[in-house]
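When a ligand or atom number is given, it counts from 1 through the structure's own listing order. Since the structure is predicted, the reported quantities are computational estimates derived from the model, not experimental observations.
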Amino acid sequence: MLTSQPPPHGRRHPEALTVSALDNAKLDSATDPDDIPVNPTSEPCLDDVIQRRFSRRDLLRGALGALAAGPLAGLAAGTAAATAEPQQPASSSPDDPTRFDFPEIPRGVDATHHVAPGYSAQVLIRWGDPLLPGAPPFDPQRPSAAAQRRQFGYNNDFIGYIPLPLGSSNSEHGLLCVNHEYTNTGLMFPGLADAEDPAAALTRAMVDTELAAHGGSVVEIHKVGGQWRLVPDSRFNRRIDALTTPIRIAGPAAGHPRLRTRADPTGSRVIGTLNNCAGGITPWGTYLMAEENFHLYFAGSLDEHPEQRNYARCGMPAPRYAWAEHHRRFDLNAEPNEANRFGWIVEMDPFDPDAPPVKRTALGRFKHEGAECIVNGDGRLVIYSGDDQRFEYLYKFVTEGTVTPLPEPPADPTGQTFAGRIDAAGQVHFREQDMHRRIAEARAANRDLLDSGTLYVARLDADGGVQWLPLVHGQGPLTAENGFNAQADVLIETRRAATLLGATPMDRPEDVEPNPVTGKVYVSLTNNKHRGKDGYADIDAANPRAENLWGQVLELTPTDGDHAADTARWDLLVRAGDPTDPAVGAHWNPATTEHGWFACPDNCAVDPAGRLWIATDQGGGWPVTSGGADGVYALETEGPGRGTARAFFRVPVGAEMCGPRFTPDGRTLFVAVQHPAADGTEAYPGFERSSTFEYPATRWPDFADGIPPRPSVVAITRDDGGEIGG
Ligand code: FEO
Ligand code: CA
Ligand code: CA
């Protein structure tokens with residue numbers, strides 16, 4: 001457990017830094033690897049809209065006003081930002097139509113994080129913190145895969161919270177399940193910025209450290225005296241990585257020849273999981289990890305290979321990492337099927353450390369953003385997932401079988417919310433003697449539930465209707481005539497199958513979040529600047545802006561409250577961006593303040609009261625899209641305040657906001673601060689260059705010389721102990 005310290009005045013390098021091509025490539029990939037649409041064409045594109053509409057000079061002057069007020073020269077990183085921030089945060093208006101009672105934080109950007117007054121933000125765990133027994137302390141000057149495999153990984157994204165004991169609603173003791181999506185090479189390792197050939201300077205040891213920093217972590221945490229603490233040497237703590245973790249492949253595509261490699265002639269076992277973005281937690285306490293931009297890791301070309309069409313549809317080859325130089329399996333020429341083994345949903349059981357995680361192929365292969373689930377009225381599990389690339393689609397998976405619920409812990413006369421305790425050795429003691437057996441039986445019944453079911457893709461019609469189209473081999477165009485010889489082919493090439501069914505190309509679907517209180521579903525569509533141009537799809541009712549730099553949030557209402565139904569209704573909740581600029585075309589409830597509107601909705605969460613919270617990821621475009629750092633915003637979905645957003649938390653410069661997750665009592669909000677110092681720092685007043693290990697735009701959260709910025713999970717609580725948001 002750590003508490004963040006106020007940052008010292010930033011140290012300026014005396015000369016402008018020459019940023020290497022390697023760093024640029026890595027930072028570009030970190031910023032927005034989804035920038036190159038591959039549906040329906042593979043036309044390359046640049047950040048042309050931003051560059052055309054706003055020159056660099058405009059950016060530095062504050063093209064949208066938010067950067068305009070402050071002095072640009074001599075501003076030290078760590079001081080108040082050069083923004084038009086009010087000195088005092090805005091208060092909630094007495095006639096605020098929302099259910100949120102916190103005073104907003106001002107829009108801005110600086111070296112550290114900010115949370116609404118009356119709340120505390122505690123840095124809980126950072127990249128490199130020791131996690132497993134024997135893990136060495138963080139030593140950024142001497143990175144090694146062996147150390148990293150036992151330490152918390154890089155670029156935390158998804159956060160899940162599983163109460164302990166399993167089946168309880170304990171909000172003060174549980175397991176955090178955290179994805180480590182990718183690595184920022186130039187910020188992780190010393191010395192690369194000054195190397196003559198940075199790619200050649202990347203050693204096998206560095207590459208292996210990157211692989212070890214991917215994947216996920218399970219972290220046992222406990223709240224003591226109002227502060228969250230890591231449980232040292234917990235038997236639950238675990239790292240999943242891309243270097244060493246064996247993962248089983250299950251479901252209809254398991255064993256298929258297209259998944260077989262020299263290292264795995266069975267097509268049923270793969271080392272590692274890649275680019276784990278968001279995810280989900282199942283009702284039986286397993287952790288779903290969504291493999292998103294898996295294409296970035298593979299080099300080579302397949303011009304004449306049968307997989308060429310499949311891989312082009314995934315945007316390959318477009319390597320952003322040097323892994324293929326050291327690991328043949330990431331070279332498509334050497335191992336052409338390896339890339340078919342990524343792009344899946346991975347299920348991991350934190351309560352069975354000996355069991356390998358499982359890639360569940362029935363849920364399809366694409367750039368899964370997340371995998372949030374809800375138990376349908378008929379007992380089947382429904383998992384929603386967006387495919388995060390411009391013009392890609394919105395999916396749901398409906399299990400064939402029904403969920404066997406975990407047994408309800410019996411009421412506890414002491415007022416505890418669970419019926420057991422955990423001793424110092426981590427052993428669970430249940431008061432009801434057969435609880436272990438009943439939990440084990442329920443979990444066994446659910447073990448392979450995700451291997452059978454139906455994957456659907458969405459068509460959103462102009463009249464507000466949604467048609468969920470089943471991706472089933474032999475139905476409609478999904479036949480051998482079109483290259484689909486079995487359901488495995490449909491799943492391996494989910495995108496192509498979905499196109500043939502007439503799915504609606506969306507503005508980059510990110511999180512898709514069912515709301516168990518209202519039964520509605522929220523879809524974050526983050527941005528898309530290519531509609532109606534260069535052969536790409538035109539605007540439509542659900543994706544109504546052509547140069548859409550700001551994104552929108554959709555609301556789905558399943559027919560008769562049935563998430564398994566093949567129809568639903570859709571509605572636009574908000575069109576994001578600056579409501580005062582008519583050219584933006586934003587739409588908010590007028591009660592939204594100058595600080596409350598946001599751009600580029602990404603991850604989201606629903607609190608126990610059924611209220612929606614949105615995390616943003618503007619990438620390197622933040623100076624243009626909002627003029628402020630990313631953050632968490634409360635977004636009212638009901639009543640007269642519907643469509644009103646409120647600014648609650650914001651990240652340090654260059655970071656993205658990920659992973660919002662509430663405890664069951666709503667009194668803690670965990671958030672993941674990803675890649676601090678990475679995105680858009682060229683327009684950060686007073687810094688105005690790309691970050692490197694040696695000279696980052698911020699050293700959040702340590703603010704210590706020689707310590708690079710560290711992606712970290714933050715626990716937010718209300719100072720009076722109440723529920724987040726009131
Ligand atoms: Fe990994 Fe789509 O965010
Ligand atoms: Ca995301
Ligand atoms: Ca994102």
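At a cut-off of 2.8 Å, Cys658 is not counted among the residues with an N, O or S atom near atom 1 (Fe) of ligand 1. Here Glu292 reaches atom 2 (Fe) of ligand 1: one of its N/O/S atoms is less than 2.8 Å from the metal. At least one N, O or S atom of Glu369 sits under 3.0 Å from the Ca ion (ligand 2). At a cut-off of 2.8 Å, Glu369 is counted among the residues with an N, O or S atom near atom 2 (Fe) of ligand 1. Metal site remark for atom 1 (Fe) of ligand 1: Asp388 contributes no N, O or S atom at a distance under 2.8 Å. The distance from the Ca ion (ligand 2) to the nearest N/O/S atom of Asp602 is under 3.0 Å.
Each of Val457, Thr499, Leu471 was scored for a side chain to side chain contact (heavy atoms under 4.5 Å, CB included) with Thr494, with one residue passing: Leu471. Residue Trp613 forms a ring-ring contact (aromatic ring centres under 6.0 Å, His included) with just one option from Phe100, Phe649, Tyr522, and that option is Phe100.
Aromatic ring centres of Tyr297 and His295: separated by at least 6.0 Å.
Annotation: cation-pi geometry not satisfied between Arg126 and Trp700 (NZ/CZ under 6.0 angstrom from ring centroid, within 45° of ring axis).
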Q) Should Asn179 and Asn276 be marked as a side-chain hydrogen bond (donor to acceptor under 3.5 Å, both in side chains) after you check the CA-CA gap, both sets of side-chain angles, and the distance that decides it? A) CA-CA 6 Å; Asn179 281 353; Asn276 302 101; 5.1 Å; no
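Here the N, O or S atom of Glu181 that is nearest to atom 1 (Fe) of ligand 1 is OE2. Restricting Glu510 to its N/O/S atoms, the shortest distance to atom 2 (Fe) of ligand 1 is reached by OE1.
Taking a 6.0 Å sphere around CZ of Arg496, one finds it holds more than 12 heavy atoms contributed by other residues, nucleotides or ligands.
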